[in-house]
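Numbering of residues begins at 1 and proceeds along the displayed sequence.
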Amino acid sequence: MTAMRSVVVSSLLASALWVGCGDDDGGGSSTPPPPPPPGDGGSTPTPPPPGAETCIPMRHGGGGYLRTTLSGAFEQVVDFGPEMMCGGNADAAAAMPSFGMAMAKEVAPEMSLTFTWTIDGGEGETGTFPARLALGGSSFIDLGGVATIPAGGCTVDVTEHALLETTAVGRMYRVTATGECAMGADPIGSDVPIDVAPFELSGITVWVGNPR
């Protein structure tokens with residue numbers, strides 16, 4: 001694993017521990033952490049080589065993707081596949097539970113891009129939910145390191161929220177969704193927003209605690 005990839009992984013893990021960790025108000029931390037993980041594009045993705053790290057563990061079939069386009073203060077076609085880093089967790093005991101989806105990948109040498117969604121839905125639920133989004137990574141250093149869309153600024157249509165396994169850590173789910181954002185993400189270091197085109201994603205989140 002390269003040094004850069006190690007940095008990205010560390011950032012993703014930190015974000016995964018934050019996203020979706022709902023407090024009693026169901027909103028999680030009010031301070032956006034360093035952002036997180038990504039997925040694949042194309043109708044026929046190339047399978048990763050044997051033994052490769054994948055967003056969704058290979059023991060559950062592998063996979064994972066994130067597809068969208070960023071424009072405005074930062075421009076990037078996002079077409080992440082199973083090789084992206086991804087994670088996320090949520091507290092089922094929160095009064096108003098939400099769950100996190102974190103995705104990240106290098107988009108150029110020593111330049112990472114991360115996405116962190118916090119989606120206002122319960123464990124295993126599917127349907128349409130309001131969400132917030134944080135963008136970050138080393139690609140955003142000149143923009144202050146992070147750009148955010150507040151709670152309710154995005155809408156996510158979750159079509160799959162399927163239990164993969166239960167471990168001592170928690171209950172891992174595969175989440176597949178599409179969505180769109182009604183407003184741009186505001187970078188800390190710029191007055192120009194970052195527009196996020198309609199997106200589609202597939203990744204994992206881990207639920208902990210018992211529902212109230």
Side-chain angles (χ1 to χ4, degrees), residues 8 11-12 14-16 18-20 27-43 45 55 64-88 98-121 127-159 175-203 205:
V8 174
S11 175
L12 298 184
S15 299
W18 170 81
V19 290
S29 169
S30 59
T31 302
D40 135 277
S43 58
C55 167
Y65 56 81
L66 171 61
R67 305 171 189 132
T68 187
T69 300
L70 304 180
S71 59
F74 181 85
E75 298 185 355
Q76 179 71 46
V77 174
V78 178
D79 191 4
F80 298 162
E83 75 286 351
M84 71 181 176
M85 295 288 136
C86 74
S98 59
F99 60 95
M101 298 287 293
M103 301 178 163
K105 184 182 176 182
E106 289 181 62
V107 293
E110 299 189 358
M111 292 190 67
S112 63
L113 176 60
T114 68
F115 290 73
T116 305
W117 281 272
T118 303
I119 303 169
D120 293 339
T128 302
F129 306 101
R132 64 186 178 195
L133 173 62
L135 303 172
S138 58
S139 299
F140 277 35
I141 289 177
D142 292 340
L143 298 175
V146 66
T148 58
I149 297 177
C154 299
T155 301
V156 178
D157 184 11
V158 178
T159 55
V175 178
T176 302
T178 59
E180 59 184 12
C181 297
M183 61 183 71
D186 291 324
I188 293 176
S190 174
D191 294 331
V192 179
I194 300 171
D195 294 322
V196 181
F199 54 84
E200 50 189 46
L201 61 86
S202 182
T205 196

Going through the distances and angles, do Trp117 and Val175 end up as a side chain to side chain contact (heavy atoms under 4.5 Å, CB included)? CA-CA 12 Å; Trp117 281 272; Val175 178; over 6 Å; no

[X] [atom1] to [Y] [atom2] distance, which is reported to the nearest 0.5 Å:
{"X": "Asp157", "Y": "Glu200", "atom1": "CG", "atom2": "CD", "result": "12.0 Å"}
{"X": "Asp120", "Y": "Arg132", "atom1": "CG", "atom2": "CZ", "result": "8.0 Å"}
{"X": "Leu133", "Y": "Met183", "atom1": "CG", "atom2": "CE", "result": "11.5 Å"}
{"X": "Thr118", "Y": "Ile149", "atom1": "OG1", "atom2": "CD1", "result": "12.0 Å"}

Would you check if there is a donor-acceptor pair between the side chains of Thr176 and Thr159 at a distance under 3.5 Å? no

Quick check: closest heavy atoms across [X] and [Y], and the distance to 0.1 Å?
{"X": "Met101", "Y": "Leu201", "result": "CE-CD1, 3.6 Å"}
{"X": "Cys86", "Y": "Gly203", "result": "SG-CA, 4.4 Å"}
{"X": "Ala147", "Y": "Ala185", "result": "CB-CB, 3.9 Å"}
{"X": "Gly100", "Y": "Thr205", "result": "O-OG1, 2.8 Å"}
{"X": "Ala73", "Y": "Pro187", "result": "CB-CG, 4.3 Å"}
{"X": "Gly137", "Y": "Thr114", "result": "N-OG1, 3.6 Å"}

May I ask you to test the Val78-Phe199 pair for a side-chain heavy-atom distance under 4.5 Å? no

Could you check whether any side-chain heavy atom of Ile119 comes within less than 4.5 Å of a side-chain heavy atom of Ser98, counting everything from C-beta outward? no

Quick one: list whatever passes side-chain hydrogen bond (donor to acceptor under 3.5 Å, both in side chains) with Thr68, sequence neighbours left out. none

Can you list the residues that meet the side chain to side chain contact (heavy atoms under 4.5 Å, CB included) rule with Phe74, with sequence neighbours excluded? Leu70, Gln76, Leu113, Ser139, Phe140, Leu143, Ile194

Qualifying residues under ring pair (Phe, Tyr, Trp, His ring centres under 6.0 Å), relative to Phe129, sequence neighbours excluded: none

